[in-house]
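To keep things clear, I will list the structure first and then write my remarks on it.
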Amino acid sequence: MKHSKRSVHRPQFISGSELPIPTLEILRADGSLYEGAEEPELSRDLAVRIYRTMIFTRILDERMTSAQRQGRLSFYLTCAGEEAAVAGSVAAFDPGDMIMGQYREQAALRFRGFSARQFMTQLLSTRNDLGKGRQMPVHYGTRELNFMTISSPLATQIPQAAGYAYGQRLDAGKAGGGASHCTLCYYGDGAASEGDFHAGMNMAAVLKCPVVFFCRNNGYAISTPTAEQYAGDGIASRGVGYGMQTIRVDGNDLLAVYAASVAARRIAVESFEPVLIEAMSYRLGAHSTSDDPSGYRSREEEDRWREMDPIARMRLWLYARDWWSEGEEKAALESYRGEVLSELKAEEKEPKPPLAALVEDVYDTPPWHLREQIEALSEHVRRHAEHYPAGKGV
Amino acid sequence: MKHSKRSVHRPQFISGSELPIPTLEILRADGSLYEGAEEPELSRDLAVRIYRTMIFTRILDERMTSAQRQGRLSFYLTCAGEEAAVAGSVAAFDPGDMIMGQYREQAALRFRGFSARQFMTQLLSTRNDLGKGRQMPVHYGTRELNFMTISSPLATQIPQAAGYAYGQRLDAGKAGGGASHCTLCYYGDGAASEGDFHAGMNMAAVLKCPVVFFCRNNGYAISTPTAEQYAGDGIASRGVGYGMQTIRVDGNDLLAVYAASVAARRIAVESFEPVLIEAMSYRLGAHSTSDDPSGYRSREEEDRWREMDPIARMRLWLYARDWWSEGEEKAALESYRGEVLSELKAEEKEPKPPLAALVEDVYDTPPWHLREQIEALSEHVRRHAEHYPAGKGV
Amino acid sequence: MAEMNLLQAVNTALDAAMAADERVICLGEDVGGFGGVFRATSHLQEKYGRERCFNTPLTEQGIAGFAIGLAAQGKVPVAEIQFADYIFPAFDQIVNEAAKFRYRTGNQFDVAGLTIRAPYGGGIAGGLYHSQSPEAYFCHTPGLKVVVPSGPRQAKGLLTAAIRDPNPVLFFEPKRLYRAAVGEVPDEEYTLPLGEAELVREGEDITLLGWGAQMEYLLKAADLAAAEEGIACEVIDLRTLLPWDRDRVAASVRKTGRLLIAHEAPRTGGYAGEISASIQETCFLHLEAPIARVTGLDTPFPLANEKEYMTDQWKILDAIKASLNY
Amino acid sequence: MAEMNLLQAVNTALDAAMAADERVICLGEDVGGFGGVFRATSHLQEKYGRERCFNTPLTEQGIAGFAIGLAAQGKVPVAEIQFADYIFPAFDQIVNEAAKFRYRTGNQFDVAGLTIRAPYGGGIAGGLYHSQSPEAYFCHTPGLKVVVPSGPRQAKGLLTAAIRDPNPVLFFEPKRLYRAAVGEVPDEEYTLPLGEAELVREGEDITLLGWGAQMEYLLKAADLAAAEEGIACEVIDLRTLLPWDRDRVAASVRKTGRLLIAHEAPRTGGYAGEISASIQETCFLHLEAPIARVTGLDTPFPLANEKEYMTDQWKILDAIKASLNY
Ligand SMILES: Cc1ncc(C[n+]2csc(CCOP(=O)(O)OP(=O)(O)O)c2C)c(N)n1
Ligand SMILES: Cc1ncc(C[n+]2csc(CCOP(=O)(O)OP(=O)(O)O)c2C)c(N)n1
Ligand SMILES: [Mg+2]
Ligand SMILES: [Mg+2]
């Protein structure tokens, strides 16, 4: 569609309130379904796997937040409150689909099989970290699980996801039919204000890239509430402006998220089109361990949202169908707690990456100046071993 | 509005075609009004002044294009086809309102009183140029007429216009009541793809800045047609996404442009709100004198649009009301042609800016390194006067 | 006089500037009610209202562009970029727009009032994206001024000067020192002149030059050099990087015959290169050893082995000795 | 061998790369059917289809980000930025993303295939925004390679190498020479190695170093110096600026004892500073005169008096004489 052909003859302004975008809701807080709602097809196995992902993530977040307070980690950042949004979306995608996230999507990583130990290698920047200990905690990435390494600058992954998906489309073109794989791109309500958001969304629409954009609208960007982030009808209304198929879901409603994601992926791969999902949720915890939300929002507001906890809601639904029991719940929680703590302890014994890794991977191979620099540095550290943690190693 | 509260229980995607934005049309190609259309209040004086602005601009464009072909200018760029969009909008604003344009808005400058001679000083980069001969032709600017100097990087003026308008709002706050002045910001359909567009539009909406954004949608960004620029319903649909009052107008219809602009300015100054106007028009000529559109569009397409010439349409309307006659038309064209050519000739005799101006205005005053550099350069040019055009001067 | 840290000095300077001139406006991500993630704008919204101290949407290019517009309109915006690592989306607005604004308009319009503040530098376990020192990118941009304070007293005096300076100023704050650097700061408003370096310590044997967080290391190295080898270092805090105080540096090098420049940013294309090139042009016959550079490696900023990666007094001391033994 | 201009050499290299490897994709503003505003991508869409050579929406940050994504997925994108002056909106994607991609992922992901092309430089009456030479900004960025061809033969060989190089490469094309530089170019595909400077002319008295459009001026100045004063200049085309061929330059300076570096960009923070600083570190005892820099002034690029502003053979010749008479 280029532009509409309808005409009027009196000046009449249109505003966002004329296209309120509704929210898809399937599951009530008590675990029952809304009237007229249709349950997505979801096997018991998959439902339990999703649920387990959610509780594992919650426990990981709790434990790592304490570990950070104890000084065992330098930094941490939780997904609490948004587990259904993340686990419910990733579950609708193929393991071969690329995920390009923001940083609060540990549930997606877990769903794909990232082990507790793997989390620890990254969080502690040991020599076992797939990212070689180079980035701050929570900047996970694994090629094996098709999870692109997180990068701190916000929204940069949005045009990148469009480009990645375009590449997937070209590969599909050769096979004929739809794309075999697409890209799932997460971002926050704050990141959606960046210029890269606009560039990436528009390019994906114009260049027909099979990518599903998943906006986690959790009400805040650090201390900034969405009311100071945008004046329109959320992020979804922008998708419509880009000519993109768009849906808004209750992000605390696992079934709504999953149903929308299944449908979105289908559109993306079958018709080479980007889709936007906006999931309305809430960041239950602090922005990160460096943040204290009491400076900018009320306990009452937080409590209101705690009552809509996505994990509790899904648990009630599982219980209602007898797909999960209190016993299983207790056992799972216990085992995850134990696993997380013991893996943390074990990985804490692992050494840091070697000094030489400082100059690796800047280029495919270190050019002369980096070879010179690392030689000089190693020599310096050797001579002054007492002043450097790495002094022992060299 | 934060986000709509309506809910649905089945996954349903929304696409742009569900909110087609209509086009305001008042004046028919034959100079008569559409049925049901309401003529904006427009005095004979103002109507004639607008019309004169349009034909002056057309003539300036024709003459300067030839002058460029003759090698008398290095570069030129016409407004042909978009005169109603530009003259019709600027006429609705107060002379004290700041204009921040893209580069194809010479009609706005003319409307505010920029003389033929002033155009020449800039086009020829003589020492009389208000911009001191520093920018390529068509990068006009005049503080006296509240027309911000044009800058080539596209869309950068959009967040700047938001900021400028915010400053105007703060000044108004002191006076009480609405803002006394607002900002009028022009940009093209291509520029609207830049990240700065998104940043500026969103900030203007959230921070409630009295700015009217006027998008000249002329179908092309150099060779790129809008179909390869965006997939949504033009630019207007994005305004809605930002929660901004938005209107689309037939850009070749002076009355529609003027009516929308008057209403838009009122909203901006009275309720401290940004407004978006999208004017649908067509770039009748080449992108610039460096461009040859025959490489990317058909003569037929151009001819189709030539039949909708905004100047012809307004002329018929003026004739019908007896506000303008064939005699006046002939006289005006003749006098503008003469004026433009004689001013060109006269300004061609003027010298370039002095060498010393090279280092002025980098800072409020030249620091030591610039003083050293200009001294060395002047000395060099003096010693090698034969190799430098400025050699004679020093 | 009051004892305060660098962060408090910044906050104090902003507070005084807002009190003195109602055109002064603070904006940026989270700078409003929350007072910024580092709390540099604490209490300013309370004191001066939401219109003069506010959160922006999360867009650095927008913040810079918006602040440029405000400045062009006559206001005095002080925009915060949350981390210097996130200034790059604003690069076009800063380099193509703010820096060239006055020039391209023939001095009809300017962004005289514009100041952009950003915390920079490593040493806080920030990895690639919470550690960068991007000053050199901006020092290659005519039209900008670039200022880096090394402690609380400098922070207050230089920031006040930056806000008043009739040119766009980038003000990079060494975040490692936000709470670590504590010192006496005059109560009244005062400015330290932009474009003037500060002679921190006199000496005869070698000139040590740096800015911001390097000054601490340079002074420690000077102490060590004096104690271990009886070397008398002259130490200069450049303070303003663009335009820089070449005469002050050259005078010192003519005296000592040796120059060492330290910065945290990667070596290649770093600002030490410019200073070295200029000083060897001006002081060629006075140089008794090559001008030395102690800098970050030519890699992204790492997390693991950060201590090894960064410049420090030991590396500077080694370079001092190498210069003296040349 | 065929005689062609620099633009044709670029087009030929792109054509051959697209023919040889179906992963190669050309994208950018107006590069599709129209073939780019300079026509560097002429006929590529016709030959290889709309999916492999296409117009993008008008957004440099989007083009860079999209190309990074394509490269991460395994494609070999060659993105065009219409003018180097418009590369700054893409600065964050290039400097924070492309340059650091491999490093931050621990070599799990990379943008090996990425090449970004942009016409740069003055001399075409382009004023502030169609004249800039922004290479130094990128040379301060570990992880990038920066390449500048000086003529048709170099353009084809270096662009082919850039496209094949397993690192992100910025390829700045001297647009003043697009049609002006004409020369013999081999018909077959060939590469010129990245990271190696080219010794263009041997000489004993002084080393002249430059890249891109400077080479013409350096050679003219060398001719004048020989004719007027019998000075034998050694002339080196740096070709790759990052990482640069320090050994080649140092060897030459050890022989001649003198170095002059020319670039069009403003002096302060320009890349000549880095080279000067490095060479005085390596060749301190061999230098018989200060390393000279012939560069643009520290101003935005002007329109009026452009000829006076720019570097040229006369300014270089003066600097050669000053060096020899030091
Ligand atoms: C370009 C950039 N600017 C600023 C930051 C600092 N920062 C980190 S997270 C954040 C807020 C992001 O909010 P949102 O996108 O809503 O995600 P959420 O944290 O709510 O999941 C900010 C400002 C950054 N990482 N990158
Ligand atoms: C940042 C930037 N990128 C690219 C260009 C080159 N350029 C100049 S005009 C233009 C097309 C603009 O199209 P549009 O916004 O539709 O305006 P129109 O020319 O149609 O009036 C382009 C790509 C530029 N000036 N600035
Ligand atoms: Mg958020
Ligand atoms: Mg257009």
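Below, chains carry the letters A, B, ... as their sequence lines are ordered, and counting in each starts from 1.
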Residues of residues 202-210 of chain A within contact distance of chain B, non-hydrogen under 4.5 Å: A:Asn202, A:Ala205, A:Val206
Close approach to chain A in residues 29-36 of chain B, criterion heavy atom under 4.5 Å: B:Tyr34, B:Glu35, B:Gly36
Student check: side-chain heavy atoms of A:Val212 and A:Thr183 closer than 4.5 Å: no
Spacing of NE2 belonging to B:His198 relative to CG belonging to A:Asp196, to within rounding of 0.5 Å: 10.0 Å
Heavy-atom check, side chain of B:Glu278 versus side chain of B:Met280, under 4.5 Å: yes
Side-chain heavy-atom pair B:Ile50, B:Leu42 within 4.5 angstrom cut-off: yes
Partner of A:Phe197 by ring-ring contact (aromatic ring centres under 6.0 Å, His included), out of A:Phe213, A:Tyr187, A:Tyr230: A:Tyr187
Closest-packed option against chain A by number of heavy-atom pairs under 4.5 Å, given B:Gln245, B:Gln229, B:Glu228, B:His9: B:His9
Residue from B:Glu301, B:Glu82, B:Met308 passing side chain to side chain contact (heavy atoms under 4.5 Å, CB included) with B:Tyr282: B:Glu301
Interface residue of largest heavy-atom contact number with chain B, from A:Gly239, A:Ser7, A:Ala37, A:Ala236, under 4.5 Å: A:Ser7
Side-chain heavy-atom pair B:Arg283, B:Pro293 within 4.5 angstrom cut-off: yes
Distance-only side-chain donor-acceptor flag, B:Ser281 / B:Asn252, under 3.5 Å: yes
Chain A contact via B:Ala155 - which portion, at a heavy-atom distance below 4.5 Å: neither
Top of A:Glu25, A:Gln12, A:Glu38 for chain B proximity - count of heavy-atom pairs under 4.5 angstrom: A:Glu25
NZ/NE/NH1/NH2 to OD/OE distance under 4.0 Å, B:Arg28 and B:Asp253: no
Chain B contact via A:Val275 - side chain, backbone, both or neither, heavy atoms under 4.5 Å: side chain
Partner chain B: residue of A:Thr246, A:Asp250, A:Ile267 with the largest heavy-atom pair count (under 4.5 Å): A:Thr246
Interatomic distance, B:Ile235 atom CD1 to B:Met201 atom CE [nearest 0.5 angstrom]: 8.5 Å
Side chain to side chain, A:Asn217 and A:Thr226, heavy atoms closer than 4.5 Å: yes
A:Tyr186 and A:Gln157 side chains, donor-acceptor separation under 3.5 Å: no
Contacts of A:Arg321 that satisfy salt bridge (charged side-chain N to carboxylate O under 4.0 Å, His left out) - sequence neighbours left out: A:Glu39
Rounded distance [0.5 Å steps], CZ in A:Arg6 versus CZ in B:Arg248: 10.5 Å
A:Tyr242 and B:Ser237: side chain donor to acceptor below 3.5 Å: no
Side chain proximity check, B:Ile158 to B:Cys185, heavy atoms < 4.5 angstrom: yes
Heavy-atom contacts under 4.5 Å, residues 254-264 of chain B to chain A: B:Ala259, B:Ala260, B:Ala263, B:Ala264
